[in-house]
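Some notes on the structure that comes next.
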Amino acid sequence: MYDNLKSLGINNPEDIDRYSLRQEANNDILKIYFRKDKGEFFAKSVKFKYPRQRKTIAADNAGQGYKEIHEISPNLRYIIDELDKICQRDQVEVDLKRKILEDLRHLDSVVSNKIAEIEADLEKLTSGR
């Protein structure tokens with residue numbers, strides 16, 4: 001699993017926190033950030049430079065000839081797919097934690113209201129004697 005990341009020398013993909021991708025001239029710059037260890041001020045990161053793939057395609061207008069375009073390297077595309085899986089997995093875990101906390105708060109509210117209702121009913125019974 002995560003063969004493309006491992007081919008970059010990233011042996012523990014589960015330690016990846018996030019990544020950034022930017023274009024600089026005819027290159028794409030991928031920067032991968034790892035989770036900080038306790039006591040560290042800055043997250044560790046690694047940077048990779050990928051030349052953009054150059055393609056010649058037919059121009060839009062008939063008879064205009066060809067034009068050259070630059071696009072992301074196929075290897076980088078596979079790496080980004082793996083990074084997205086890792087980063088989205090982390091987001092799903094955060095969303096699940098948030099949902100559980102919201103459910104707990106709602107349950108607390110429901111139980112508190114029910115206790116107040118039962119106490120009020122008990123008060124009616126005891127004050128009616």
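Note that the numbering runs from 1 along the sequence shown for the chain. These values consider heavy atoms only, across backbone and side chains, with no hydrogens, waters or symmetry-generated copies.
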(request) Determine, step by step, whether Asp3 and Tyr78 satisfy the side-chain contact (heavy atoms from CB on, under 4.5 Å) criterion, reporting the C-alpha distance in whole Å, the side-chain angles of both residues, the deciding distance to 0.1 Å, and the verdict. (result) CA-CA 10 Å; Asp3 295 330; Tyr78 297 133; over 6 Å; no

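- In the hydrophobic clustering of this structure, Ile16 groups with Val46; members are Ile, Leu, Val, Met, Phe, Trp, Tyr whose side-chain heavy atoms approach within less than 4.5 Å, directly or through other members.
- Ion pairing between a basic and an acidic side chain is recognised when a charged N comes within 4.0 Å of a carboxylate O; Asp103 and Lys99 show such pairing.
- Note that NZ of Lys6 is 8.0 Å distant from CG of Asn12, once rounded to the nearest 0.5 Å.
- Cluster membership check: Tyr33 does not share its hydrophobic cluster with Leu8, using side-chain heavy-atom separations under 4.5 Å among Ile, Leu, Val, Met, Phe, Trp and Tyr.
- Between the side chains of Asn4 and Glu82, at least one donor N or O sits under 3.5 Å from an acceptor N or O.
- Using a 4.5 Å cut-off on side-chain heavy atoms (C-beta onward), Ile86 and Tyr19 make no contact.
- Annotation: the span from Leu101 atom CG to His106 atom NE2 amounts to 14.5 Å, rounded to 0.5 Å.
- Taking 4.0 Å as the cut-off between side-chain N and carboxylate O, Asp28 and Arg22 do not count as a salt-bridged pair.
- None of Ile29, Ile72, Ile79 except one satisfies the side-chain contact (heavy atoms from CB on, under 4.5 Å) rule with Tyr50; the exception is Ile79.
- In this structure, NZ on Lys31 lies 4.0 Å from OG on Ser45, to the nearest 0.5 angstrom.
- Residues Arg52 and Ser73 form no side-chain contact, since every pair of their non-hydrogen atoms from C-beta on lies 4.5 Å or further apart.
- Nearest heavy atom pair, residue Pro51 against residue Asn27, reads CA-OD1, 3.2 Å.
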(request) Show the numbers, then the answer: is there a side-chain contact (heavy atoms from CB on, under 4.5 Å) between Lys67 and Thr56? (result) CA-CA 6 Å; Lys67 67 178 179 179; Thr56 304; over 6 Å; no

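- Ser112 contributes a side-chain N or O that, together with a main-chain N or O of Asp108, makes up a donor-acceptor pair within less than 3.5 Å.
- A salt bridge does not link Glu68 to Lys55: none of the charged side-chain nitrogens sits closer than 4.0 Å to a carboxylate oxygen.
- Two residues are said to be in side-chain contact when any heavy atoms from C-beta on lie closer than 4.5 Å; Lys114 and Ile118 meet this criterion.
- Leu5 contributes atom CG, which lies 10.5 Å from atom CG of Asn11 (distance to the nearest 0.5 angstrom).
- In this structure, the separation between CD1 on Ile80 and CG on Leu21 is 4.5 Å, given to the nearest 0.5 Å.
- When all heavy atoms are compared, the tightest approach of Asp17 to Cys87 is O-SG, 4.0 Å.
- By the criterion of side-chain heavy atoms lying less than 4.5 angstrom apart, applied directly or through intervening Ile, Leu, Val, Met, Phe, Trp or Tyr residues, Ile32 is grouped together with Tyr2 in one hydrophobic cluster.
- Placement of Met1 and Ile10 within a single hydrophobic cluster is found when ILVMFWY residues are connected by side-chain heavy-atom separations under 4.5 Å, directly or transitively.
- Put simply, CD on Glu14 and CZ on Phe34 are 10.0 Å apart, with the number rounded to the nearest 0.5 Å.
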